[in-house]
Participant: 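I have a structure here, written as C-alpha cells, and I will follow up with some questions on it.
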Amino acid sequence: MQFLERLDDGSAVFGLVGLGYVGLPLAVEMAKAGHRVIGFDVSADKVAMVTTGASYIADVSTDELAGLVGRGLIEATTDFSRVAETDAVVICVPTPLDKTKAPDTSFMESAARSILPYLHADMLVTLESTTYPGTTEEVVQPILESTGLKVGTDLYLAFSPERVDPGNPVYKTRNTPKVVGGVTPLCTKLAVAMYSRFIDTVVPVSSTRAAEMTKLLENIFRCVNIALMNELLQVSDRMGINIWEVVDAAKTKPFGFMPFYPGPGLGGHCIPIDPFYLSWKAREFDFHTEFIELAGKVNENMPYYVVTRLMESLNTQRKSLYGAKVLLLGVAYKKDIDDLRESPAIRIAELIGGRGGDVSYHDPWVRDLVIGGKSVPHRELTAEGLSEIDAVVLITDHSNVDYESVVQYAPLVLDTRNALKSFDDGTVVRL
Ligand SMILES: NC(=O)c1ccc[n+]([C@@H]2O[C@H](COP(=O)([O-])OP(=O)(O)OC[C@H]3O[C@@H](n4cnc5c(N)ncnc54)[C@H](O)[C@@H]3O)[C@@H](O)[C@H]2O)c1
C-alpha cells in the first residue's frame with residue numbers, strides 16, 4: 001500500500017482541517033515526528049499567525065511552533081486545493097449545539113465538502129470532532145463518497161476522538177492514548193498506523209460508532225458525577241455538613257471511589273455540550289437518556305445557586321445585591337487556562353447584573369470580557385480596589401493569584417472552589 005509505505009519512510013504529508021485547541025497541538029505532534037503538515041482553516045487570522053510561527057493556544061509554545069514552521073514542517077493556508085498534496089486529512093472543527101440544543105453538524109459537513117474536490121485514491125480521512133454515534137458513517141461518509149470514490153476500497157475513513165485536556169502539565173497530545181475506529185477493518189488499520197507515528201498508545205475499537213460513543217461516555221461520566229456532587233453540595237449545606245471535607249475523606253478509600261468536586265457550573269466546549277449529542281440521537285431509537293437530562297438540569301442551576309448564596313451572604317452584612325459592587329475572581333472556565341467558552345462566570349455575571357449588581361472581574365489569563373455586547377471592567381487586586389468592593393465571587397481558582405490579599409482586604413469572599421480552605425477568616429464563605 002502506497003499510504004503505508006509513505007508512512008514508513010516518513011514522506012506522508014498530513015492535512016489538518018481546523019487549527020484550534022485540538023488541531024494545532026496535533027499538527028505540532030505530527031511535525032515533531034518528522035512529517036510535513038499543512039493546516040487548513042477558514043480563519044485567515046489563525047492561518048496568518050501559524051504562518052509566522054505565533055501560537056494562540058496556551059499548550060503550544062511559540063518557540064516550538066516557530067521552529068517547526070521555520071523548518072518547513074508546518075504550513076497553514078485557507079486554500080483547500082492544497083488538500084491534493086496530502087496523504088491523510090484529520091478534521092477537528094467545532095461541534096456546538098444549536099439554539100434548541102440539537103447537534104450543529106454544519107462545521108463538519110462544510111469541512112468535508114471543502115476537501116471533496118481534492119480527495120484522491122488511497123487517502124485516509126479521520127474525524128476528531130466530538131459527536132453522536134453514527135456521524136462518521138451517516139454524515140461524513142456520504143459526502144466523501146459523492147466523489148464516486150468508495151470508502152474501504154478507494155479511500156479510508158475513521159473516527160478518533162480527541163482527549164486534549166488544556167493546561168494539563170502531564171498528559172499532552174502525544175502521551176494521551178488515542179482510540180480509533182474505522183468504517184472497515186482496513187480503515188482502522190491505516191488510521192492506527194497513522195496515529196502510531198505521533199501518539200504513544202493507539203487503541204483500536206471495532207467501529208466508528210464505538211469510537212464516537214467512547215468519547216461521549218468519558219464526557220457523560222464527568223458531567224453526571226459533577227452533577228451528583230453539585231446536588232450533594234446543596235443538601236450538605238442545608239444539613240450543615242462541609243461537602244469538600246467529605247470528598248477529601250471519601251477519597252482516602254483506596255478502591256471503588258473516584259473524587260469529583262462541586263462548583264459554580266460546567267464550562268468549556270465539551271462537558272456542557274457533548275452529552276446532549278447523545279440525548280438527541282437516542283430519541284431516534286425511542287430512548288430518553290434521563291441521567292444526562294437530570295445532570296444537565298442540576299448543573300445548569302448552579303450559577304443560580306451561586307447567586308442565591310451571594311445574596312444570602314451579602315444579607316448577613318446588611319447589604320443587598322442591588323447596587324453591590326461584585327468582583328468575579330477567575331472567569332476562564334478552568335484553572336490556569338484562558339478559555340472562556342461556556343464559562344459559568346458569564347451566566348453568573350449576567351444574573352448578578354440582572355439583579356442590579358455592579359460586576360467587575362480579575363483574571364490573570366483573560367484580558368477582555370465582553371458580556372451581552374458590553375465590556376466588563378477588569379480590576380487589579382490592590383488593597384484599595386479590594387476594600388472598595390462589596391463581595392468577591394471566586395469562580396476559577398487560578399494558581400497565580402494573591403489570595404492572601406483578597407482575603408485580607410475584601411469584605412466578603414464567596415469561594416465556589418474551596419480554594420481558600422486554608423484561610424480561617426470570617427469573611428470567606430464556602431459554596
Ligand atoms: N478544546 C478541547 O478541550 C477539546 C477536547 C476534546 C475534543 N474537542 C472537540 O474537538 C473539536 C474541535 O474543538 P476545538 O476546541 O479545537 O475548537 P476550536 O474552535 O478551538 O477550533 C476549531 C477550528 O476550526 C476552524 N473551522 C471551523 N470551520 C471550519 C471549516 N469548515 N474548515 C476549516 N476550519 C474550520 C475554526 O476557525 C477553528 O480554528 C470539537 O468537536 C470539540 O468538541 C475539544
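Just follow the structure's listing: the first ligand is 1, and inside any ligand the first atom is 1.
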Participant: Is it the case that ligand 1 has an N or O less than 3.5 angstrom from some N or O of Glu128?
Facilitator: no
Participant: Heavy-atom contacts under 4.0 Å between Phe80 and ligand 1: side chain, backbone, both, or neither?
Facilitator: side chain
Participant: Are Lys215 and Glu162 within salt-bridge range, i.e. N to O under 4.0 Å?
Facilitator: no
Participant: Just need the protein heavy atom nearest to atom 10 (O) of ligand 1, so name the residue and atom and give the distance.
Facilitator: Val22 CG2, 3.4 Å
Participant: What protein heavy atom lies closest to atom 11 (C) of ligand 1? Include the residue and the distance to one decimal.
Facilitator: Val93 O, 3.4 Å
Participant: Return yes when atom CE of Met213 has more than 12 non-hydrogen atoms of other residues, nucleotides or ligands closer than 6.0 Å, and no otherwise.
Facilitator: no
Participant: Look at atom 30 (C) of ligand 1 and say which protein heavy atom is nearest, naming residue and atom and giving the distance to 0.1 Å.
Facilitator: Val42 CG1, 3.7 Å
Participant: What is the closest protein heavy atom to atom 28 (N) of ligand 1, and at what distance does it sit?
Facilitator: Phe107 CD2, 3.5 Å
Participant: Would you mind running through ligand 1 and noting each atom that sits below 4.0 Å from a heavy atom of Lys46?
Facilitator: 38 (C), 39 (O)
Participant: Examine distances only and state if a side-chain atom of Asp363 and a backbone atom of Val331 form a donor-acceptor pair shorter than 3.5 Å.
Facilitator: yes
Participant: Identify, by atom number and element, the atoms of ligand 1 in contact range of Ser129, meaning under 4.0 Å from any of its heavy atoms.
Facilitator: 11 (C), 41 (O)
Participant: Salt bridge or not between Lys421 and Glu245? Use side-chain N to carboxylate O under 4.0 Å.
Facilitator: no
Participant: Is it the case that the side chain of Thr396 and the backbone of Ala332 share a donor-acceptor pair, with hydrogens and angles ignored and the cut-off at 3.5 Å?
Facilitator: yes
Participant: If you have a sec, work out which protein heavy atom is nearest atom 13 (O) of ligand 1 and how many Å separate them, to one decimal?
Facilitator: His269 CD2, 3.7 Å
Participant: I need the atoms of ligand 1 closer than 4.0 Å to a non-hydrogen atom of Val164, numbered in the order shown.
Facilitator: 2 (C), 3 (O), 4 (C), 5 (C)
Participant: With a heavy-atom distance limit of 4.0 Å, tell me whether Pro161 approaches ligand 1 through its side chain, its backbone, both, or neither.
Facilitator: neither
Participant: Does any N or O atom in Thr95 lie less than 3.5 angstrom from one in ligand 1, N or O only?
Facilitator: yes
Participant: Does an N or O anywhere in Asp41 fall below 3.5 Å from an N or O of ligand 1?
Facilitator: yes
Participant: For ligand 1, which atoms sit closer than 4.0 Å to a heavy atom of Val17?
Facilitator: 32 (N), 33 (C)
Participant: Output yes when a side-chain donor or acceptor of Thr201 lies under 3.5 Å from a complementary backbone atom of Pro177, and no otherwise.
Facilitator: no
Participant: Check whether any N or O atom of Thr130, backbone or side chain, sits under 3.5 Å from an N or O atom of ligand 1, and answer yes or no.
Facilitator: yes
Participant: Where on Cys270 is there a heavy atom closer than 4.0 Å to ligand 1, on the side chain, on the backbone, on both, or on neither?
Facilitator: side chain
Participant: Using only heavy-atom distances, determine whether the side chains of Ser160 and Glu128 contain a donor-acceptor pair under 3.5 Å.
Facilitator: no
Participant: For Gly23 and ligand 1, does the shortest N/O to N/O distance drop below 3.5 Å?
Facilitator: no
Participant: Any donor-acceptor pair under 3.5 Å linking the side chain of Arg355 with the backbone of Leu351?
Facilitator: yes
Participant: Pull out every atom of ligand 1 sitting under 4.0 Å from any heavy atom of Pro166, numbered as shown with elements.
Facilitator: 3 (O)
Participant: Between Phe221 and Phe291, is the ring centroid distance below 6.0 Å?
Facilitator: no
Participant: Answer with side chain, backbone, both or neither: which part of Cys92 has a heavy atom less than 4.0 angstrom from an atom of ligand 1?
Facilitator: backbone
Participant: Just checking Glu138: does its CD atom have more than 12 heavy atoms from other residues, nucleotides or ligands closer to it than 6.0 angstrom?
Facilitator: yes
Participant: Where on Arg341 is there a heavy atom closer than 4.0 Å to ligand 1, on the side chain, on the backbone, on both, or on neither?
Facilitator: side chain
Participant: Is there a polar contact between ligand 1 and Ser110, counting only N or O atoms under 3.5 Å apart?
Facilitator: yes
Participant: Could you say whether the N/O atoms of Glu162 and ligand 1 ever approach to under 3.5 Å?
Facilitator: no
Participant: Main chain of Val93, side chain of Ser129: is a donor-acceptor contact present, judged purely on distance under 3.5 Å?
Facilitator: yes
Participant: Heavy atoms only: which of Gly18, Pro94, Gly20 is nearest to atom 27 (C) of ligand 1?
Facilitator: Pro94
Participant: Does either side chain, that of Asp79 or that of Thr77, offer a donor lying less than 3.5 Å from an acceptor on the other one?
Facilitator: no
Participant: Around Lys172, counting heavy atoms of other residues, nucleotides and ligands shown, do more than 12 lie under 6.0 Å from its NZ?
Facilitator: yes
Participant: State whether the side chain of Tyr171 and the backbone N or O of Arg163 hold a donor-acceptor pair below 3.5 Å, judged by distance alone.
Facilitator: no
